[in-house]
Amino acid sequence: MNAAQSLAGRRKLSQAELDMIVTAHEKFVTGKQGGKRASLRFMNLSGLDLSFRNLTDADLSASILDGCRMVRAKLDRASLFGCDLRKADLRQASLQRADLRGACLRGANLSQADLTQADFREGQIAIPHPRKGLDTVKHEVRNGEVDEVNFSGATLDGSQFTGVSAFKADFSDCSLRGAKLSGANLKEANLVGAILDNADVKGANLEGANLQGAVMSGVDTSTARVHGAHMTGALTTSTPEAVNKARELYARCLANQQWCQTGGKEGAAARLDGEDLRPIGDRLKGLRLTAMSAKGACFVGMDLSGAQLQGANLQNADLRAANLRGADLRGAKLTGANLTKADLRQAFLSPLPLGPERKTVGSLAAARLRYAMLQTADLSEAVLDGADLRGADFTGARIAKASFRDCDVGQAQGLEFGVG
């Protein structure tokens, strides 16, 4: 498809015209007077700015959006069917259940975007006649194309990539749980640290792909092409031994709760160092696990929301994509822990009082907090020296007297020093 063909029959909008249409659409979405759903089909919007705008349910089918700036735009359930989104800037955009069938996103930036259940499969594209425009349209089946797209830190759970070309795409630290990747071309793709639990990769081309440290529980690669793929450190399904041990480990956790409830008269602090706790499922939610030791343990994707983890030793633990929302981690040791894409919203990581004049501060030194959610968490006096904060969101978090030595704070969001 040449440039003349792609632009034929498409009306070029100015930024002012686009802003008017989007403002009316935002009124439509929120039910305000004077609202009108945006119909932006077959338009040429190349290079325009839609950042921070709400285009939920908008129809942008077959439009040219190459080089568009769409940072944090809301495009949930929008139709981007057959769109040209080459080199578009969609960082942190929300595209839940968006229709991207047959769209070309080559070289686009979708870092940290939410693409839950988005559809990238092939679509039948209408190509207007170069001279007669929309009066004469020929149809062409085109595969979705995401070659060299930056999806780092994005959420792609349940997304549809069947048959899609994603050559050299960057899926590092992505969440692709339950994604349909059958027959997709992921040759030389970067999937380092990606969470692929129960993803379907039947017949996919993973040749030369980098899957180091990826979470591949429930992933069957037997029919995928994996020649030259790097899988060192990939985390696969729990072993039968770990599954068999789950009951015993859960009993230790319950004994820890009993130890807390009886002031140490019954039960004992749990020792779970190096254990794979994933087979326990969501049974640790809200449990009293004060002072437990789980150094180097695996909690990937587990629900620990509301758990009492005061003074717990979680050094070097793998807590990727774990739900720690509202957990009490006062005085906990999380030194060197991997908390990539973990949910720590409203969690308490402030000091744990041990008596008059004595307290233990929470430590996240050298922890990996990439794309972690720390909104409204209490990190007062916490030590984050040397932590990896790329893409972490601290909006509304309390960070009074917290230490950020040797951190690149510019890579995090919402860090307001001198506040809280």
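All values below were derived from every heavy atom in this structure, side-chain atoms included, with hydrogens, water molecules and symmetry-related copies excluded. The shown structure was predicted, so the numbers you read here are calculated from the model rather than taken from an experiment.
Looking only at distances, a side-chain donor or acceptor of Asp147 sits under 3.5 Å from a matching main-chain atom of Phe167. Remark: the backbone N or O of Ala224 is not paired with any side-chain donor or acceptor of Thr221 at under 3.5 angstrom. Checking side-chain atoms of His25 against main-chain N and O of Met20 turns up no donor-acceptor pair under 3.5 Å. Listed for the His230 side chain is no donor-acceptor partner under 3.5 Å among the backbone atoms of Asn210. Remark: side-chain polar atoms of Ser350 are not paired, donor with acceptor, to backbone N or O of Leu379 under 3.5 angstrom. In this structure, Ser51 contributes its side chain and Val71 its backbone to a donor-acceptor pair below 3.5 Å. Ser182 places no side-chain N or O within donor-acceptor distance of the main-chain N or O of Thr162, the cut-off being under 3.5 Å. Distance alone, capped at 3.5 Å, places no donor-acceptor pair between the Gln411 side chain and the Asp408 backbone. One N or O on the side chain of Asn313 and one on the backbone of Gln315 form a donor-acceptor pair closer than 3.5 Å. Side-chain N or O atoms of Asp385 include one that pairs as donor or acceptor with a backbone N or O of Arg405 at under 3.5 Å.
When the shell of 6.0 Å around CZ of Phe348 is examined, it contains 12 or fewer heavy atoms from other residues, nucleotides or ligands.
The shortest side-chain heavy-atom distance between Leu289 and Cys253 falls under the 4.5 Å cut-off. Under the 4.5 Å side-chain criterion, counting only non-hydrogen atoms from C-beta, Val215 is not in contact with Asp318. The closest side-chain heavy-atom distance from Lys295 to Lys333 is not below 4.5 Å. In this structure, Asp170 and Phe151 have side chains that are not in contact, with every pair of non-hydrogen atoms separated by 4.5 Å or more. Contact of the Val164 side chain with the Leu181 side chain is not registered, since no non-hydrogen atoms from C-beta on lie closer than 4.5 Å. Annotation: side chain of Leu45 is in contact with side chain of Leu18 (closest heavy-atom distance under 4.5 Å). In this structure the side chain of Met302 reaches within 4.5 angstrom of the side chain of Ile280, judged on heavy atoms. Contact annotation: the side chain of Gln96 never approaches that of Leu115 to less than 4.5 Å [non-hydrogen atoms, C-beta and beyond].
Looking only at atom types and distance, the side chain of Arg345 has no donor-acceptor partner in the side chain of Gln375 under 3.5 Å away. Using modelled atom types and a 3.5 Å distance limit, the side chains of Ser111 and Asn109 yield no donor-acceptor pair. Gln413 and Gln92 share a donor-acceptor pair across their side chains, judged by distance under 3.5 Å alone.
For the atom pair OG of Ser94 and CD of Gln112, the computed distance is 13.0 Å after rounding to the nearest 0.5 Å. One finds the OG atom of Ser152 at 10.5 Å from the CZ atom of Arg91 (value rounded to the nearest 0.5 Å). A distance of 8.0 Å separates CG in Leu100 from SG in Cys83, rounded to the nearest 0.5 Å. Atom SG of Cys104 and atom CG of Leu65 lie 11.5 Å apart (nearest 0.5 Å).
The shortest heavy-atom contact between Ala297 and Leu277 is CB-CD1, 4.0 Å. In terms of heavy-atom proximity, Val149 sits nearest to Gly107 at CG2-N, 4.1 Å. Closest heavy-atom contact between Asp276 and Ser238: OD2-OG, 2.9 Å. Shown here for Phe299 and Ala322, the closest heavy-atom pair between the two residues is O-CB, 3.9 Å. Heavy-atom minimum distance, Leu55 versus Ala78: O-CB, 3.9 Å. The minimum heavy-atom distance linking Ala382 with Leu349 is given by the pair CB-O, 3.7 Å.
Salt-bridge check for Arg53 with Asp19: passed, with a basic side-chain N closer than 4.0 Å to an acidic carboxylate O. Ion pairing between a basic and an acidic side chain is recognised when a charged N comes within 4.0 Å of a carboxylate O; Glu26 and Lys32 show no such pairing. Note on Arg41 versus Asp59: salt bridge recorded, some NZ/NE/NH1/NH2 to OD/OE distance being below 4.0 Å. The existence of a salt bridge linking Arg86 and Asp66 is excluded, since no basic side-chain nitrogen approaches an acidic carboxylate oxygen closer than 4.0 Å. Salt bridge Glu122/Arg101: absent, no basic N to carboxylate O contact under 4.0 Å.
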Derivation and outcome, salt bridge (Lys or Arg N to Asp or Glu O under 4.0 Å), residues Glu248 and Arg252: CA-CA 6 Å; Glu248 182 206 322; Arg252 286 188 213 169; 2.5 Å; yes
Stepwise side-chain contact (heavy atoms from CB on, under 4.5 Å) test for Lys359 and Arg330: CA-CA 10 Å; Lys359 63 185 177 186; Arg330 284 177 298 158; over 6 Å; no
Derivation and outcome, side-chain contact (heavy atoms from CB on, under 4.5 Å), residues Leu191 and Leu176: CA-CA 10 Å; Leu191 289 141; Leu176 284 149; 3.9 Å; yes
Evaluation steps, side chain to side chain donor-acceptor pair (under 3.5 Å), between Ser79 and Ser61: CA-CA 6 Å; Ser79 177; Ser61 306; 3.0 Å; yes
Stepwise side chain to side chain donor-acceptor pair (under 3.5 Å) check, Lys202 with Ser222: CA-CA 8 Å; Lys202 282 188 203 77; Ser222 61; over 6 Å; no
Stepwise salt bridge (Lys or Arg N to Asp or Glu O under 4.0 Å) check, Arg106 with Glu148: CA-CA 6 Å; Arg106 195 183 311 147; Glu148 298 182 23; over 6 Å; no
Derivation of the side chain to side chain donor-acceptor pair (under 3.5 Å) call for Ser293 and Asp273: CA-CA 6 Å; Ser293 182; Asp273 298 345; 2.7 Å; yes
Side chain to side chain donor-acceptor pair (under 3.5 Å) between Gln308 and Gln310, worked out: CA-CA 6 Å; Gln308 304 280 317; Gln310 304 93 327; 2.8 Å; yes
Intermediate values then yes/no, side-chain contact (heavy atoms from CB on, under 4.5 Å), Leu235 and Cys298: CA-CA 10 Å; Leu235 186 65; Cys298 180; 3.8 Å; yes
side-chain contact (heavy atoms from CB on, under 4.5 Å) between Leu389 and Phe404, intermediate numbers included: CA-CA 10 Å; Leu389 307 179; Phe404 287 91; 3.9 Å; yes
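Each of Leu75, Asp76, Val29 was scored for a side chain to side chain contact (heavy atoms under 4.5 Å, CB included) with Asn54, with one residue passing: Val29. Here the options are Thr155, Asp197, Asp157, the test is side chain to side chain donor-acceptor pair (under 3.5 Å), and the partner is Ser175; only Asp157 passes. No option in Arg390, Arg320, Arg370 other than Arg370 meets the salt bridge (charged side-chain N to carboxylate O under 4.0 Å, His left out) test with Asp173.
For the side-chain hydrogen bond (donor to acceptor under 3.5 Å, both in side chains) test, no residue two or more places apart in sequence or in another chain qualifies with Lys36.
In this pair, Phe161 and Phe171 present their aromatic rings perpendicular. The plane angle is above 60°, beyond the 30 to 60° band.
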